[in-house]
Amino acid sequence: MSLWYASLAVMSGLLLSAYTHPAWLAGAAGAWAAAAAFIPRAHRGRLAFCSCLSILAGLHFYGYEILQQSELKPLAVQERSVWVRGEIASFVKRDGDVARFFAVVREWREEDGSWQQLGLNETIVLRVKLSAAEEAAAVERWCTGSELEALARLGLPQGARNPHAFDYARYLHWQGVHVVGETAFREVRVEAAASIRGSFQEWQKAGAERIDSLFADQETAGYMKSLLLGLGQDVTPELEAMYANLGLSHILAISGLHVTLVSSMFMWCLDRLGVSRRWGLLATVALLVGYILLVGASASAVRSGLMGGVGLVCQVAGKKLDGKEVWAGALLVMLAVNPYQLWHVGFQLSFAVTLGLIVFVPYSQHVLVRVPVWIRTLVAVTFSAQLVSFPFLVYHFHQFSPLSWLVNLLATPVLSLLALPLGYIALVLALIHPALAAVPVWFTTWLLGWIHEPLYALEQKVIPFTYWPHPEWWWVILYACFLGILPILWNRGYHRKRDVALCFALFLGLLAAARQPFAGSEEVRITFLDVGQGDSIVVEIGNQKVYLMDAGGTMRQPAAEPWMEKRDPFEVGKDVVLPFLMARGIEKIDRVIMTHGDLDHIGGMEALVPRLFFGEVLVNGKVPEEKEAKIRELFLKKGVPITTGAPGQVWSDGPGIEWKWLHPGETTLHGNDASVVLQLTAYNKTVLFTGDIEQGGEAALVQNGLSPVDVLKVAHHGSNTSSTKELLAAITPKAAVISAGENNRYGHPSAMVLQRLGEHGTAIYRTDRHGAITLIISPAGLSWRTQKLDT
């Protein structure tokens, strides 16, 4: 029985355990017993072993879940403040005036109580608020293994509040974490304690400081710290975004290339020192263990270290290496230690791409035989990595640039085979004397500047087919089957020109299906995004047109001191609206409606303009203030026309779908009362979008005449200055949507507004309680979906 088949059985057992009822264990055993009579005797042993292994993997998963159960969760549900005692279990990341890290808790107590021992140590995420530069400096000296005691307010991690957004609670669940805590620096006591990981972390910090001293340019220094040491937190947000948009993020992850380079350089040095090959190989294996710990022991680093170590041991033993078996062995070891790793994105990408290289690259030796081997291999490596990583990237990040293939083909070899070794050479030479590192440092800096300049220019272009809709489960399975059957067909002789053409046609068909060209063709989908205290509404007319009404906005005060500056501050347009549009595969907004100039409605537009195509912008026609004027200028520079409307103006987006401009017209109203008000009629259902109009604007609407509506977007986040009795009496809405921030300081929505809506029997949906709210209008009627259950 090969490790390859064992790894497939184990993964299937883990997936079944995570997504199905535990009864599948008995069902699998029963199915095997029933099928045994029909299976040829030669295959019974292998299939029986796979079935048993799958069941054992399921039992292992259930057992691991029991060990991960939280004793602190009842306290977190009540948001209790308690003292916790344990140790720091991860790198401490400081971003401005906040530090975060994982902590292993052994004991807890009430503020005036005695310590209570946990049955099992529990990992939590601790967020430490800082109030002085001295505290920030002290936090950066904390390291893994240090003893910790803190008074923390416990809570539950936040889930995704918008469709396909990053789900922090789910992410932490697969890290074995169910509770988060908040504290202040003055409430934390940390004592240094000796630990192996802490020592390696100190060496990692020392390496980072040396890189800072060698590379004067901050962007280059941050890049090299990630490339050489796995310290990605110092990469500038602009560089990180550029690498992500062009599909180059994998370069910054510690991978097999790093392991190969480090081990080869070390073995070369040992060989020059006269060390025998056997002892040199064994010493290199020991070096790899230290190297993996030094660079942070990420999933890709551990996988690379395991496979590299096994390869070296096989060389010592004189045994032939089977790449798939080594891959499977590394996977089994890592999943045996922690089965939750199967749901870690880094783990998935590392193992999937490595398997793709093992399986597909050898076939490059049989095609284009007149082309030099190194070119064939380079093309095969790039093509295989992109082919295998594609479904993971579109599933988790909804992004894959068509230029990624070419950019990786041209940039990855230069960055990996020049910048990486030069960086390590500079570090080693600097240990002797910093002056010796001057040449590799200068050349690396020049090389990165020479490469990054055109990459930045390319990244500024809006490239079609870069954003991909969240794939359906059946598509993921079809794509996996396609990849799995390719090597089988090749090995059976199906690699003639017509066979290759057929496979390429199937691949193009899968790409077309991934775009979901026929999804929702006869429906209008309206998504009221949860952007906190603000408005942002996406209206999709079938698969033909997209409207964006406002884009939220983030009120942000400048940092009081430089050390308090966030590395990448949260901004609604960049961090909420754009990811949603990406997850829907939306690359063009046919009409942008900026209802009025308030920051909480239009502030997010600034981040969207460089990333999307636009048809036109509709505004209220008033003289714009500073923020709106700046955003209008961005649209005009991009050649997007800006227009306004007049009461009674009507346009259609297809049979049965009609828009009507209701407000404003030529009026003295200004501010919130000058908000754009539109009415959408789709399949005989009517939705009224009211912006932030208040009593004056509503009175003008009622005076001009209104008819009953099915859905009302409640004005001004449910403020008592809107949703007057006169308006509600005129439109008698069957349902209302209120966009308001969770626990907002304004007390929105007003209790009086809720009461007035209740008097009309109106069903109420609120983003502060439900998260994003999706209304789907089709010929069959209305249907609602909410991101969260009502709480």
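From a predicted model like this one, the values you see are computed outputs, not experimental measurements.
- With 3.5 Å as the limit, one finds no donor-acceptor pair spanning the side chains of Asp600 and Gln533.
- Side-chain contact between Trp563 and Leu130: present, with at least one pair of heavy atoms (C-beta onward) separated by less than 4.5 Å.
- Between atom NZ of residue Lys588 and atom NZ of residue Lys545 there is a gap of 8.5 Å, rounded to the nearest 0.5 Å.
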| message | What verdict does the side-chain hydrogen bond (donor to acceptor under 3.5 Å, both in side chains) test give for Ser675 and Asp692, after you've listed the backbone C-alpha separation in whole Å, the side-chain angles of each residue and the deciding distance to 0.1 Å? | response | CA-CA 6 Å; Ser675 295; Asp692 264 1; 5.6 Å; no
N/O donor to acceptor pairs below 3.5 angstrom from side-chain atoms of residues 167-176, sequence neighbours left out:
unit_1: Asp167; atom_1: OD1; unit_2: Ala169; atom_2: N; d: 3.2
unit_1: Asp167; atom_1: OD1; unit_2: Arg170; atom_2: N; d: 3.0

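- Annotation: side chain to side chain donor-acceptor pair (under 3.5 Å) contacts of His344 (sequence neighbours excluded): none.
- Within the 3.5 Å criterion, the main-chain N or O of Tyr223 finds no donor-acceptor partner in the side chain of Ser226.
- Using a 4.5 Å cut-off on side-chain heavy atoms (C-beta onward), Phe166 and Pro579 make no contact.
- Checked for salt-bridge contact, Glu79 and Arg153 meet the test: a charged N lies under 4.0 Å from a carboxylate O.
- Every side-chain contact (heavy atoms from CB on, under 4.5 Å) that Gln158 has, sequence neighbours left out, goes to Arg161, Glu742, Lys788.
- With hydrogens and angles disregarded, a donor-acceptor distance shorter than 3.5 Å links the side chain of Ser70 to the backbone of Lys73.
- Residues Val524 and Tyr683 have side chains in contact (heavy-atom distance under 4.5 Å, counting atoms from C-beta outward).
- For residues 631-640, the salt bridge (charged side-chain N to carboxylate O under 4.0 Å, His left out) pairs, not counting sequence neighbours, are Glu628-Arg632.
- Ring planes of His748 and Tyr746: parallel class, angle under 30° (limits at 30 and 60°).
- Side-chain contact annotation: His470 with His398, donor-acceptor N/O pair under 3.5 Å present.
- Looking at Trp474 and Glu472, their side chains never bring a donor and an acceptor atom within 3.5 Å of each other.
- No side-chain heavy atom of Asn743 sits under 4.5 Å from any side-chain heavy atom of Asp768.
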| query | What do the steps show when you test Lys713 against Leu688 for side chain to side chain contact (heavy atoms under 4.5 Å, CB included), and what is the final call? | reply | CA-CA 6 Å; Lys713 199 293 290 184; Leu688 183 63; over 6 Å; no
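- Between Tyr243 and His452, the ring planes are perpendicular. Angles over 60° get that label, and only those under 30° would be called parallel.
- Considering only heavy atoms from C-beta on, Thr681 stays 4.5 Å or farther from Lys660 through its side chain.
- Partners of Thr466 by side-chain contact (heavy atoms from CB on, under 4.5 Å), not counting sequence neighbours, listed by chain and number: Gln399, Ser401, Pro402, Ile463, Glu587.
- Taking the side-chain contact (heavy atoms from CB on, under 4.5 Å) definition, one finds that Ala352 meets it with Val388, Phe392, sequence neighbours left out.
- In this structure, CD1 in Ile526 is found 4.0 Å from CD1 in Ile777, a value given to the nearest 0.5 Å.
- Remark: Trp784 pairs with no residue by the side chain to side chain donor-acceptor pair (under 3.5 Å) rule, at least two apart or across chains.
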| said: Run Phe91 and Phe101 through ring pair (Phe, Tyr, Trp, His ring centres under 6.0 Å) and show every step you take. | reply: CA-CA 6 Å; Phe91 195 89; Phe101 53 89; over 10 Å; no
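- Residues Thr721 and Glu694 bring a donor and an acceptor atom of their side chains to less than 3.5 Å of each other.
- Contacts of Ala629 classified as side-chain contact (heavy atoms from CB on, under 4.5 Å), with partners at least two apart in sequence or in another chain: Pro624.
- With rounding to the nearest 0.5 angstrom, the CZ atom of Phe400 is 10.0 Å from the CG atom of Leu403.
- In this structure the side chain of Val77 never reaches within 4.5 angstrom of the side chain of Leu154, judged on heavy atoms.
- For Ser90 (side chain) and Phe102 (main-chain N/O), a donor-acceptor pair under 3.5 Å exists by modelled atom type.
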| Worked verdict on Thr527 versus Ile537 for side chain to side chain contact (heavy atoms under 4.5 Å, CB included) | CA-CA 6 Å; Thr527 306; Ile537 306 168; over 6 Å; no
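- Asp653 and Tyr547 share a side-chain donor-acceptor pair at under 3.5 Å.
- Qualifying side chain to side chain donor-acceptor pair (under 3.5 Å) partners for Tyr765, counting only residues two or more places apart in sequence or in other chains: none.
- Side-chain atoms of Thr762 do not come within 3.5 Å of backbone N or O of Ala736 as any donor-acceptor pair.
- The side chain to side chain donor-acceptor pair (under 3.5 Å) test applied to Ser536 returns no partner, not counting sequence neighbours.
- Contact check for Leu782 versus Val711: side-chain heavy atoms found under the 4.5 Å cut-off.
- In this view, Glu616 and Arg591 satisfy the salt bridge (Lys or Arg N to Asp or Glu O under 4.0 Å) rule, not counting sequence neighbours.
- For residues 572-583, the pairs satisfying salt bridge (charged side-chain N to carboxylate O under 4.0 Å, His left out) are Asp568-Lys574, with sequence neighbours left out.
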| request: Test side-chain hydrogen bond (donor to acceptor under 3.5 Å, both in side chains) on Asp673 and His663 and set out the steps. | output: CA-CA 9 Å; Asp673 277 326; His663 182 80; over 6 Å; no
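- With contacts defined as side-chain heavy-atom distances shorter than 4.5 Å, the pair His717/Pro749 does not qualify.
- Aromatic ring pairs are classed by plane angle as parallel below 30°, tilted from 30° to 60° and perpendicular above 60°; the pair Trp468 and Phe390 is perpendicular.
- Donor-acceptor pairing under 3.5 Å is recorded for the side chains of Ser404 and Gln386.
- In this structure, Asp710 contributes its side chain and Thr686 its backbone to a donor-acceptor pair below 3.5 Å.
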